[in-house]
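Convention: sequence-line order gives letters A, B, ...; per-chain numbering from 1. Since we're looking at a predicted model, the values are computed, not measured. Reckoned from all heavy atoms, side chains included, excluding hydrogens, waters and symmetry mates.
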Amino acid sequence: MSRNEIAWKEQPKFPSTHFVDTRIYTDNQIFREEQEKIFNKCWIIGCHESELPNAFDYRTFHHPGGAQLFMIRGEDMKVRAFYNICPHRGNTLLYDPVGNAKRITCIFHAWSFSPKGECTDIPRGKEGYQERYGCKDASLREVKSEVGYGGFVWVNVDDDSCTLKEYIGDALGMMEENLSMPLEVFTYHKAIVNTNYKLWHDTNSEFYHDYMHYFNRITGMMQPGYFDRKYKGYPNGHASVGSMAIKYDAYAGSQERAVGWPGLAPGGWVLIDLFPGMTFNLRTSVLRMDTAIPLGPDKLIIEFRGLGLKSDTPEQRAERVRDHNTIWGPFGRNLHEDLLGVHGQGLAMRERSDSKWVLHGREENSTIHDEVGMRHFYAEWGKRMGRQASDPFSDNKLA
Amino acid sequence: MTPKQLIDELIYRSSLAMDSKDFTGFLDLCDPAFRYAITAYIPEIRKEITWLEHDKDGMKVLFDNLPRHNSDHSSLTRHVTVYTVEQDEAKQQAKTISALQVFKTTLDGGVTELFAVGKIYDTISMNGGNPKLLDRNVRLDTRMLGIGFHIPL
Ligand code: FES
Ligand SMILES: [Fe+2]
């Protein structure tokens, strides 16, 4: 029998950890709070060190908490991060996403700054400000940054945050060996999707949706070992999924995979989800890294990076590029399906669409189709938000 | 028809075939040694990228697999203008540069939006008056491609 309105809104027959209220995906107040309590407190990947190979190279970044940042390598080769905003009249300092600047000069009134964030020149400063204001008052706002875990540049806009090491804990342990050599970003693209960032992270945190991917249905799910992979949760909301071999020749058009990855069994796969929206996905010959950057409750930028080894020969690199883009490029088989999924969720779950619950109730001993990865995320989310994901406004009268 | 007209017509027919999802028709316009690629320059990482790369057999597999995938079923409309044609008599080949705009029209309501812009670099084998596509490089300026697409441009 189909359900009437009362039945539709009835609490799912699960513990409250096993479902969420869909207002967490649509409510603007919740989104603002997430920016404050989550994104402005957590370590976030801003870029990769290979995007800043030389002294004075910079890269801009739209931080999910809202701040516009840039990361720049100093003369001392140390990477630092700053607000991309001029202290004078609030202009954008660096307009291009990437570049090289020994000296950062604002185009508006030519105030200049060093790659260490010091103000080095205020044109006609003495004449206008006399002794009242000078370069010493006008440095840039620096944001904590660290390079690590495969050479990524991490930023944290909270001056009082824990260290990156404390934040990650053991979560990247499964990939430690795989990330121990110099890596290089070989592809980068962004997608804007009208959906909530958590829905993307959820998709990266559950493999039950392999039913959506023809490729995965025939190459992965049918193979022995698929259902042995286990989820493991770590402090701070991170989670990992263990390895398995993928049978590539089950899909016509997939050739023998020759280029592997150090420390990864041939055909192996390791996936690590980091709270609140980053995913390390290492498959066969490619490391894919997603960064979810919400622009609102129903708008999301996802940054996609594909990485190989810095030591790659041109032939090895070409194969990694092929492996990546056949599956995960904008014309790849799986990425389009994954994005179609969260796009559809964004259409269905909107304010006034009378959506109510999303279920995270599968229990299969933490193996691959168990929804424990998502539950683990929402436990952390609830802790940081001071709200229960299943009852974010304390008005659901949960049993 | 002059060789130039034959070349123009081949390029336009290839777009018509793709617009109407006549993939067999498209492959019929290709030389057995055909190679297809979608490429772009990515300024954020200062690198060239090849988003898609196939030989003729690979294109056929891609087309044959389309119904098995979950895809956005919007239709694409390609607007192509052949800008330059350079013929190499000795090689019996021609190289062309065409402008490309691709529009996407949604199934629901039929809204049309610009999907991508770029250029098409073709190498054509003249094949004794029956020219065929030998190499196609769809070089995109657009890099923000939304939820992506399963069908090549
Ligand atoms: S706004 Fe930057 S120098 Fe005036
Ligand atoms: Fe997926």
Side-chain angles (χ1 to χ4, degrees), chain A residues 47-48 50-53 57 59-60 96-100 184-195 211-215 217-218 251-255 301-306 317-318 321-322 324-326 328-344 346-347, chain B residues 18 35-74 76 102 104 106-109 111 113 115-116 118 137-153:
Chain A
C47 69
H48 187 260
S50 65
E51 295 164 53
L52 310 164
D57 281 347
R59 183 87 170 80
T60 60
D96 292 339
V98 68
N100 185 280
E184 188 172 62
V185 174
F186 62 73
T187 183
Y188 170 86
H189 83 282
K190 304 193 229 196
I192 292 187
V193 193
N194 293 328
T195 199
Y211 280 102
M212 174 160 76
H213 300 305
Y214 167 66
F215 179 78
R217 279 201 311 273
I218 62 155
Y251 185 95
S254 300
Q255 316 102 340
I301 297 185
I302 314 166
E303 290 191 309
F304 298 101
R305 286 178 167 84
R317 181 58 60 85
V321 169
R322 256 195 315 275
H324 179 276
N325 287 336
T326 340
W328 292 330
F331 297 93
R333 294 189 290 252
N334 282 22
L335 188 72
H336 178 55
E337 290 173 330
D338 286 324
L339 289 171
L340 197 60
V342 290
H343 162 78
L347 284 176
Chain B
M18 289 301 289
R35 295 200 66 86
Y36 177 93
I38 300 177
T39 63
Y41 176 71
I42 306 183
E44 290 96 336
I45 56 167
R46 297 176 259 215
K47 281 189 174 59
E48 293 285 333
I49 191 69
T50 302
W51 289 130
L52 193 73
E53 195 182 19
H54 283 298
D55 57 14
K56 193 171 179 178
D57 290 345
M59 287 300 267
K60 187 167 180 328
V61 171
L62 186 157
F63 294 141
D64 290 347
N65 277 326
L66 284 174
R68 302 187 175 117
H69 286 284
N70 289 300
S71 305
D72 176 2
H73 294 126
S74 304
L76 296 186
V102 184
K104 187 158 111 174
T106 60
L107 275 188
D108 184 6
V111 179
E113 60 185 36
F115 179 61
N137 177 6
V138 177
R139 187 144 179 90
L140 290 183
D141 296 321
T142 306
R143 287 167 291 116
M144 193 92 97
L145 295 151
I147 63 168
F149 216 71
H150 276 150
I151 302 178
L153 300 176

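A distance of 7.5 Å separates NE2 of B:H69 from CG of A:N334, quoted to the nearest 0.5 Å. Summarising the geometry, atom CG belonging to A:N194 is positioned 10.0 Å from atom CD1 belonging to B:I147; distances are rounded to the nearest 0.5 Å. Atoms NE2 and CH2, on A:H324 and B:W51 in that order, are 7.5 Å from each other to the nearest 0.5 Å. To the nearest 0.5 Å, atom CZ of residue B:R68 and atom CZ of residue A:F215 are 13.5 Å apart. To the nearest 0.5 angstrom, B:H54 atom NE2 is 6.5 Å from A:T326 atom OG1. Note that the CD1 atom of B:I45 and the OG atom of A:S50 stand 7.5 Å from one another [nearest 0.5 Å].
In terms of the ring pair (Phe, Tyr, Trp, His ring centres under 6.0 Å) criterion, B:Y36 has no residue partners (sequence neighbours excluded). With sequence neighbours left out, the side chain to side chain contact (heavy atoms under 4.5 Å, CB included) criterion links B:K60 to B:L27, B:D64.
Between chain B and the residues A:M212, A:H48, A:H343, the largest count of heavy-atom pairs under 4.5 Å involves A:M212. With respect to chain A, the highest number of heavy-atom pairs below 4.5 Å among B:E44, B:M144, B:R46, B:K47 belongs to B:E44. With chain A as the partner, the residue from B:D57, B:L52, B:I38, B:I151 showing the most heavy-atom pairs under 4.5 Å is B:I38.
For A:P330, the parts lying near chain B are the backbone and the side chain together; criterion is any non-hydrogen pair under 4.5 Å. Within the 4.5 angstrom heavy-atom criterion, no atom of A:R305 approaches chain B. The parts of A:V185 that come within reach of chain B are both its backbone and its side chain, each placing non-hydrogen atoms under 4.5 angstrom from that chain. If you measure heavy-atom distances from B:L140 to chain A, the contacts under 4.5 Å come from the side chain alone.
Here the shortest heavy-atom pairing between A:F331 and B:L153 reads CZ-CD1, 3.8 Å. Taking both residues in full, the closest heavy atoms of A:Y214 and B:N65 are given as CE2-OD1, 4.1 Å, listed atom of the first, atom of the second, then distance. Closest approach of B:G146 and A:A191 over heavy atoms only: O-CB, 3.3 Å.
A donor-acceptor distance shorter than 3.5 angstrom exists from the side chain of A:H336 to the backbone of B:D72, with no hydrogens or angles considered.
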